[in-house]
Amino acid sequence: MTVETPDQALVRAALEQVWESMLYAVAEPWGTGSHPDFRNGLQAQIALTGEWNGELRLTLDGNVAAEIAGTMLGADEDEELLELDVHDAVGEVLNVVGGSVKGALGGVTTLGLPDVTPCAAPPVHEDCVVVAWRGSPVYVQVLPAAG
């Protein structure tokens with residue numbers, strides 16, 4: 001059985017579900033406006049292996065990541081969060097998106113654990129599903145394994 005690479009419609013549907021269920025917000029599409037300075041950006045990646053091999057990447061500005069983590073954790077707006085809490089929250093968002101994508105792929109596929117690392121630049125907009133979080137873009141890419 002050959003499993004097709006997840007398309008942007010599938011990823012967008014998974015993101016919309018996460019935005020509503022975890023962040024209590026609507027996942028509005030990001031326009032083609034300016035992109036933020038990613039000097040303190042974060043990128044989460046999670047592998048899918050099996051009948052389809054590749055990874056999903058979620059990229060966002062560090063301040064946006066902190067806002068998302070604060071929403072998930074019920075923190076006050078002015079509350080300073082630990083870096084570990086922000087990384088865990090971003091990883092969990094991607095984990096849930098990845099689980100939805102994995103479930104929709106069919107076949108036998110396993111989902112790895114999310115890994116969150118610093119990121120200095122956003123990905124190419126056209127290669128991603130991009131949604132807005134409080135006026136800032138959040139990017140999700142699907143990257144098939146090489147070969």
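In this chain, residues are counted from 1 in sequence order.
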Does Leu42 reach the side chain of Cys119, with side-chain heavy atoms less than 4.5 Å apart?
no

Please report the closest heavy-atom contact between Gly98 and Leu48, naming both atoms and the distance.
O-CD2, 4.2 Å

Not counting sequence neighbours, which residues clear side chain to side chain contact (heavy atoms under 4.5 Å, CB included) with Thr110? List them please.
Thr49

Contact between Gln45 and Leu58 at the side-chain level, heavy atoms closer than 4.5 Å - yes or no?
no

In residues 64-86, what donor-acceptor pairs under 3.5 Å come from side-chain atoms, sequence neighbours left out?
residue	atom	partner	partner atom	Å
Glu67	OE1	Trp133	NE1	3.3
Thr71	OG1	Glu67	O	3.1
Thr71	OG1	Arg134	NH2	3.3
Glu79	OE1	Asp76	N	3.2

Grab the two heavy atoms, one from Leu111 and one from Gly99, that are nearest each other, plus how far apart they are.
CD2-N, 3.5 Å

Under 3.5 Å, side-chain donor or acceptor atoms of residues 20-29 against the rest of the protein: list the pairs with distances, not counting sequence neighbours.
residue	atom	partner	partner atom	Å
Ser21	OG	Gln17	O	2.9

Identify the two heavy atoms, one from Lys102 and one from Thr109, that lie closest to each other, and give their separation to 0.1 Å.
CE-O, 2.7 Å

CD/Gln43 to OG1/Thr59 distance, rounded to the nearest 0.5 angstrom?
4.0 Å

Could you grab the distance from atom CG of Asn95 to atom CD1 of Ile46, nearest 0.5 Å is fine?
4.5 Å

When rounded to the nearest 0.5 angstrom, what distance separates CG in Leu143 from CG in Leu56?
8.0 Å

Shortest non-hydrogen separation from Gly135 to Trp30 and the atoms involved
O-CZ3, 3.1 Å

Return the minimal non-hydrogen interatomic distance between Leu105 and Pro6, and the atom names on each side.
CD2-CG, 3.6 Å

Residues passing the salt bridge (charged side-chain N to carboxylate O under 4.0 Å, His left out) test with Glu16, sequence neighbours excluded, are none

Flag yes if Leu10 and Val142 sit in one hydrophobic cluster, no otherwise; membership is Ile, Leu, Val, Met, Phe, Trp, Tyr, and two members link when side-chain heavy atoms are under 4.5 Å apart.
yes

Taking only residues two or more places apart in sequence, or in another chain, which ones meet Pro144 in a side chain to side chain contact (heavy atoms under 4.5 Å, CB included)?
Thr5, Trp52

For Cys128, check side chain to side chain contact (heavy atoms under 4.5 Å, CB included) against everything at least two apart and list the hits.
Pro123, Val130, Tyr139, Gln141

Please find the pair of heavy atoms, one from Asp127 and one from Gln8, that lie closest to each other, and give the distance.
C-NE2, 3.8 Å

